Amino acid sequence: MRKKIVAGNWKCNTTLSEGIALAKQVNQLVAERGNKETVVVLGTPFTHLASVAAVVDPARVSVSAQNCAAEPKGAFTGEVSVAMIQSTGATYVILGHSERREYYHETSAILNKKVALTLAQGLTPIYCCGEALEIREAGTQNAFVQQQLEETIFLLSPEDFGKIVIAYEPIWAIGTGRTASSQQAQEMLAFIRGLIVAKFGEAAAAACSILYGGSCSPANAQELFSQPDIDGGLIGGASLKAEDFLAIVNAF
Ligand code: 13P
């Protein structure tokens, strides 16, 4: 009943022309051979959003920003507001990616503002969480992720929480080729779903799409997506190659 989602996160890659070409390729492959059950999302740089939205079939491929401003508008040089994102045709916003938390010092307080603005504009946040290697090695990853959620999206009303997609991305698995095992990913996603049961109830937990991200590839996607609590993936490197991305879209 909950959505299966495969979202690409292109990060800071592709020029505009490269991005349009990639989006066209993905759009065509999805139209020809894509699993119709999978919601496909392309997370492009801000500069590409409108152009990518214009070349994909919105019934099959949705477009996402990778961040948004923490303020609705005004004198914030260089920032891109949620209203601007929405005006491009994008319908999702990736928020709280570990790269933004680490390199741009995004805190829970900042993320709460971004989540609220995204929801108020009618866009869907893909809210990222996940622990660093030291935390995994210390065995305290569950408590860490729980705190990330409790300080942010668990503070939402049940109605707003129902609009969120969660992505668990262990930092040690991002871009490293060292994916979490399907068992490690399943354990964490089941833990997160259990927290949602306790906070918002069984129905909310059953309806919430929770994605795994971190070195997800055509080689491991099927094994990961066969786990009961893994509802799809947030894909970095492999989303830059249309055929690889399609293989992941079709890995359910
Ligand atoms: P990789 O798939 O390149 O490991 O990146 C994952 C990620 O950070 C997606 O947001």
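Along the sequence shown, the residues carry numbers beginning at 1. Every value quoted in this text rests on a predicted model; they were computed, and no experiment measured them. Every number for a ligand or one of its atoms is a count from 1 in the order of the listing.
- Between Gly237 and ligand 1, an N or O atom pair is found at a separation short of 3.5 Å.
- Every atom of ligand 1 is numbered from 1 in the order shown, and the set under 4.0 Å from a heavy atom of Ala173 is 4 (O).
- If you number the atoms of ligand 1 from 1 as listed, the ones under 4.0 Å from a heavy atom of Gly214 come out as 4 (O), 6 (C).
- Below 30°, between 30° and 60°, or above 60°: for Phe200 and Phe161 the angle between ring planes is below 30°, a parallel geometry.
- From the protein, the heavy atom lying nearest to atom 2 (O) of ligand 1 is Gly236 N, 2.9 Å.
- The option with the heavy atom closest to atom 1 (P) of ligand 1, from among Ser215, Ser239, Gly130, Cys216, is Ser215.
- At a 4.0 Å heavy-atom cut-off, ligand 1 touches Leu234 through backbone and side chain alike.
- Checked against a 3.5 angstrom limit, the closest N/O atoms of Glu99 and ligand 1 fall outside it.
- For ligand 1, one of its N or O atoms has an N or O atom of Gly175 under 3.5 Å away.
- For ligand 1, none of its N or O atoms has an N or O atom of Thr176 under 3.5 Å away.
- Smallest separation of non-hydrogen atoms from Val165 and Thr124: CG2-CG2, 3.9 Å.
- By the side chain to side chain contact (heavy atoms under 4.5 Å, CB included) test, Gln147 is found to be paired with Glu151, residues two or more places apart in sequence or in another chain being considered.
- Taking both residues in full, the closest heavy atoms of Thr15 and His48 are given as O-NE2, 3.1 Å, listed atom of the first, atom of the second, then distance.
- Ala185 and Leu224 make their closest contact through CB-CD2, 4.0 Å (heavy atoms, listed as atom of the first residue, atom of the second, distance).
- Contact of the Lys113 side chain with the Ile110 side chain is not registered, since no non-hydrogen atoms from C-beta on lie closer than 4.5 Å.
- Applying the salt bridge (charged side-chain N to carboxylate O under 4.0 Å, His left out) test to Glu131 and every residue at least two apart in sequence or in another chain returns Arg136.
- When non-hydrogen atoms are compared, ligand 1 lies under 4.0 Å from neither the backbone nor the side chain of Ser98.
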For this session: For the pair Arg100 and Glu106, evaluate salt bridge (charged side-chain N to carboxylate O under 4.0 Å, His left out) and give the outcome as yes or no after the intermediate values.
Result: CA-CA 6 Å; Arg100 297 224 45 98; Glu106 288 195 356; 2.8 Å; yes
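- Nearest to atom 7 (C) of ligand 1 among the protein's heavy atoms is Glu169 OE2, 3.1 Å.
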